[in-house]
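Accompanying notes for the structure given below.
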Amino acid sequence: MASSLQCIDCAQQYPIQRVIYTCDACGGLLDVRHDFGDSSSEISPALFDGRLGAFIAPYSSGVWRFKELVYPGVDDSDIVSRMEGNTNLYELPRVASYAGMDTLFLKHEGENPTGSFKDRGMTTGVTQARILGMERVACASTGNTSASMASYAARAGMQGIIFLQNQQIALGKLAQGIAFGATCLQINADFDRNMELVRLVSEKLGIYLLNSINPFRLEGQKSIMFEALQQLRWSVPDWIVVPGGNLGNSSAFGKGLLEMLQVGLIDRLPRLAIIQAEGANPLYRHFRDGFRQFEAVNAETIATAIKIGNPVNLQKAIRALEWTSGVVEQVSDQQIMDAKAIIDGVGIGCEPASACSVAGAKRLVERGIIKRGDTVLGVLTGHVLKDPEATIGYHADQLPGLSPKHRNAMLQVEDDLDAIVRVLGDRAP
Ligand SMILES: *Cc1c(COP(=O)(O)O)cnc(C)c1O
Ligand SMILES: [Zn+2]
């Protein structure tokens, strides 16, 4: 079954064995293109449903369950997997009513092996690195990409090299990169500069680049849509809401949804809503401006996973918005952290960036773009333990410029039975 790389701008094709991230001819981004011709007759809900609960690799993975759509020609023995995916889809009425809608599903990608959706892209990216015979892989990261890459590189016996900024990396993420044995470079530059640096260094040293500019990453990440639709019994929601940083995920969603339509798994496309933080909103500005003149921004937000001012997948995200009649919304750090407290408070939890899905959906309902009766599927991108400082800071009311609306303050009580009983009495339900 044939797969190839294809430029999204000039349609120039390249063999998938080429180590190439942008088009030689025009500099455009590349897609991995699959010819579903041979297998499209077997691609069906029944094929994928039949693999649910599989114990045996690769179909036990929520990415490779959809192998015919993800990487049809791959040899199973090349696959580097941690049984990623298989994440829960929660229907959460209390969060729905907070956001002002009747039906809200949240797909929790923080339930992946390293705690973020990045694992879905890393299984395909590191598999491709193995196919290409790579010994070293690298990425620049706000944290989760490096945590995931470090894990998968270790599994594959490769050296993982991560470029981190020297401030504002969430503790959980930093700990993972170090723990999984990656070579960690802390560099005095923001994410966008680190992204430039890692591209230059990778090219110079022949290291395989695993940021989401690598189109194999997106092939894995699009399985979030496959799995969510499978969980919804292939009935299409009205909206998919997702945070946007480097815009790899939203780009992957657009591609995956279109492919599902092409092979007949779904009969219409949902609308995509990409949510950015106000302080890191280059796509939002560009959207509002009718995609005329793009300007990068200096990113600043508490949601460090999306603190990105110059997203590499911009053109693919614009394409996904066009395919799906999508919209872009922005939310403040206050709205992000308040929405996070609601998601956390129902016992599910997520990291700050993930809460954009709920905060953004709420804004879109307020603005009349999402209707109360619409079916909405939001994606929670990362685990609640990734950024403990943000969570504790919120509930301790110690985040500069923010005031917690949904605070769960710690109670200080003396070593005294009566005092403890009194405190709990005051707070009886
Ligand atoms: C990477 C990441 C994002 C941003 O995704 P992009 O594909 O870069 O737009 C959002 N949330 C979390 C938790 C992430 O790790
Ligand atoms: Zn091109």
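Atoms within a ligand are numbered from 1 in the order they appear, just like the ligands themselves.
The protein heavy-atom contact nearest to atom 5 (O) of ligand 1 is Phe117 CZ, 3.4 Å. Looking only at protein heavy atoms, the nearest one to atom 4 (C) of ligand 1 is Ile306 CG2, 3.7 Å.
Backbone and side-chain nitrogen or oxygen atoms of Asn144 are examined, and one is located within less than 3.5 angstrom of a nitrogen or oxygen of ligand 1. On a distance-only criterion, Ser250 and ligand 1 share no N/O pair closer than 3.5 Å. Any N or O atom pair closer than 3.5 Å counts here, and Ala305 shares no such pair with ligand 1.
Atoms of ligand 1 lying under 4.0 Å from any heavy atom of Asn246, numbered from 1 in the order shown and given with element: 6 (P), 8 (O), 9 (O). Counting the atoms of ligand 1 from 1 in the order shown, those under 4.0 Å from a heavy atom of Ala353 are 11 (N). Atoms of ligand 1 lying under 4.0 Å from any heavy atom of Gly382, numbered from 1 in the order shown and given with element: 13 (C). For ligand 1 and Gly248, the ligand atoms under 4.0 Å from any heavy atom of the residue are 6 (P), 7 (O), 9 (O). Counting the atoms of ligand 1 from 1 in the order shown, those under 4.0 Å from a heavy atom of Asn249 are 7 (O). Close approach to Gly244 involves these atoms of ligand 1, each under 4.0 Å from a residue heavy atom: 9 (O).
In summary, the side chains of Glu109 and Asn112 do present a donor paired with an acceptor at a separation below 3.5 Å, with no hydrogens or angles considered. A side-chain donor-acceptor contact under 3.5 Å links Thr123 and Trp64.
At a heavy-atom distance under 4.0 Å, no atom of Ile308 approaches ligand 1. In Glu351, the part holding a heavy atom less than 4.0 Å from any atom of ligand 1 is the side chain. Contacts of Thr381 with ligand 1, taken as heavy-atom pairs under 4.0 Å, involve both backbone and side chain.
The side-chain tip of Arg51 points at the ring of Tyr59 from less than 6.0 angstrom away and within 45° of straight on. With a 6.0 Å cutoff to the six-membered ring centre and a 45° limit on the axis angle, Lys362 counts as a cation-pi contact of Tyr98.
Residue nearest to atom 2 (C) of ligand 1, selected from Lys307, Lys118, Gln276: Lys118 (by heavy-atom distance).
Under a 4.0 Å N-O distance rule, the pair Asp31/Arg319 qualifies as a salt bridge.
Between His383 and His108, the angle of the ring planes lies from 30° to 60°, which puts this pair in the tilted group.
Nearest heavy-atom pair, Pro237 versus Leu377, reported as atom, atom and distance to 0.1 Å: CG-CB, 4.2 Å.
Ring pair Phe216/Tyr71: centre-to-centre distance below 6.0 Å. Checked against the 6.0 Å centroid threshold, Phe66 and Phe48 count as a close aromatic pair.
The shortest side-chain heavy-atom distance between Asp238 and Arg268 falls under the 4.5 Å cut-off.
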